Structure formats: structure tokens, C-alpha cells
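To keep things clear, I will list the structure first and then write my remarks on it.
As the structure is a computational prediction, the values presented were derived from the model and not from experiment.
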Amino acid sequence: NLDLMYALPGQDLAALDADLRTALAFAPPHLSVYHLTLEPNTLFASRPPEHLPDDDLAAAMLDRIAERTAAAGLDRYEVSAFARPGARCVHNLN
């Protein structure tokens with residue numbers, strides 16, 4: 001299984017594509033994707049990094065992730081979870 005973060009500082013669609021190519025080249029049975037979020041009352045939130053993707057770009061990134069994972073044979077079964085048949089994570093099956 002692989003975890004992949006997106007909407008990182010300075011990340012654009014081309015950088016996301018490169019990350020996806022690398023991740024999917026391993027042919028993982030499961031991929032979790034997580035949007036970078038700045039949680040309130042954290043140092044990260046009080047001093048946010050520059051050049052975070054805006055909401056429209058972040059949404060386009062998630063759309064791209066959904067397209068590329070589907071093309072690679074991974075089915076989306078939760079907001080952030082994609083898996084090959086029979087490889088869904090048990091802890092996500094509530």
C-alpha cells in the first residue's frame with residue numbers, strides 16, 4: 001500500500017502527474033491520497049507555507065488522481081482510498 005499527499009506547497013498538475021506516475025509504477029494494490037490540510041492551533045497553521053494550491057487547483061488534482069488511478073485499475077471506494085479488486089483496507093470498511 002502507498003500513501004500519497006497532494007496540494008503541497010508549490011505543487012502544480014505537472015508535479016502531481018510526476019508523483020502519480022512514480023506511485024503507480026509500483027503497481028500498488030492500494031493507494032491512499034491525502035489533501036494537505038493545515039489544522040487549527042498548530043504551528044503549521046500559524047505559519048502556513050507559501051504557494052499552497054488554491055481550492056480550484058486542489059479539486060483539479062483530486063480529479064486527476066481519480067482519472068489516473070481508474071486507468072491503472074484501482075477502484076475508488078472512499079474519498080481518499082483506491083484499491084485493486086480484493087485489496088480494500090479492512091479498517092476502511094465500516
Side-chain angles (χ1 to χ4, degrees):
N1 296 346
L2 294 176
D3 290 352
L4 184 69
M5 292 190 70
Y6 71 98
L8 302 173
Q11 189 178 39
D12 59 14
L13 285 172
L16 174 68
D17 284 339
D19 291 344
L20 282 170
R21 272 193 307 276
T22 300
L24 295 173
F26 288 101
H30 189 277
L31 179 67
S32 295
V33 296
Y34 300 106
H35 183 289
L36 176 65
T37 56
L38 306 182
E39 295 295 333
N41 302 317
T42 65
L43 183 60
F44 204 37
S46 67
R47 296 184 186 159
E50 295 183 14
H51 311 293
L52 286 172
D54 64 22
D55 291 342
D56 289 337
L57 179 53
M61 289 178 172
L62 185 56
D63 289 344
R64 180 74 52 91
I65 292 166
E67 292 167 7
R68 297 286 162 84
T69 53
L74 290 108
D75 296 320
R76 188 175 191 178
Y77 69 100
E78 282 193 351
V79 172
S80 299
F82 302 81
R84 297 190 189 285
R88 291 182 176 188
C89 288
V90 175
H91 70 275
N92 288 341
L93 298 179
N94 289 334

What distance do [X] atom [atom1] and [Y] atom [atom2] have between them, rounded to the nearest 0.5 Å?
X   : Y   : atom1 : atom2 : answer
R64 : M61 : CZ    : CE    : 9.0 Å
T42 : F44 : OG1   : CZ    : 8.0 Å
L8  : H51 : CG    : NE2   : 14.0 Å
L62 : S80 : CG    : OG    : 7.5 Å

Minimum-distance pair of heavy atoms, taken over all atoms of [X] and [Y]:
X   : Y   : answer
A23 : P28 : O-CD, 3.4 Å
A87 : P29 : CB-O, 3.4 Å
P9  : E50 : CB-O, 3.6 Å

Is it true that R68 and D17 have a side-chain N and a carboxylate O under 4.0 angstrom from each other?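 Yes.
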
Partner of Q11 by side chain to side chain contact (heavy atoms under 4.5 Å, CB included), out of L52, L57, D19, L36: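 Only one of L52, L57, D19, L36 forms a side chain to side chain contact (heavy atoms under 4.5 Å, CB included) with Q11, namely D19.
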
Establish whether Y34 and L74 are linked, either directly or via other cluster members, by ILVMFWY side-chain heavy-atom contacts under 4.5 Å.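 Hydrophobic grouping puts Y34 apart from L74.
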
Check whether any side-chain heavy atom of L2 lies under 4.5 Å from a side-chain heavy atom of H30, and answer yes or no.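 No; the side chains remain at least 4.5 Å from each other.
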
For the residue pair L20 and L16, establish whether any side-chain heavy-atom pair is separated by less than 4.5 Å.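 Yes; the side chains approach each other to less than 4.5 Å.
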
As a quick check of understanding, evaluate ring pair (Phe, Tyr, Trp, His ring centres under 6.0 Å) for H35 and Y6, giving each step before the final call. CA-CA 5 Å; H35 183 289; Y6 71 98; 5.2 Å; yes

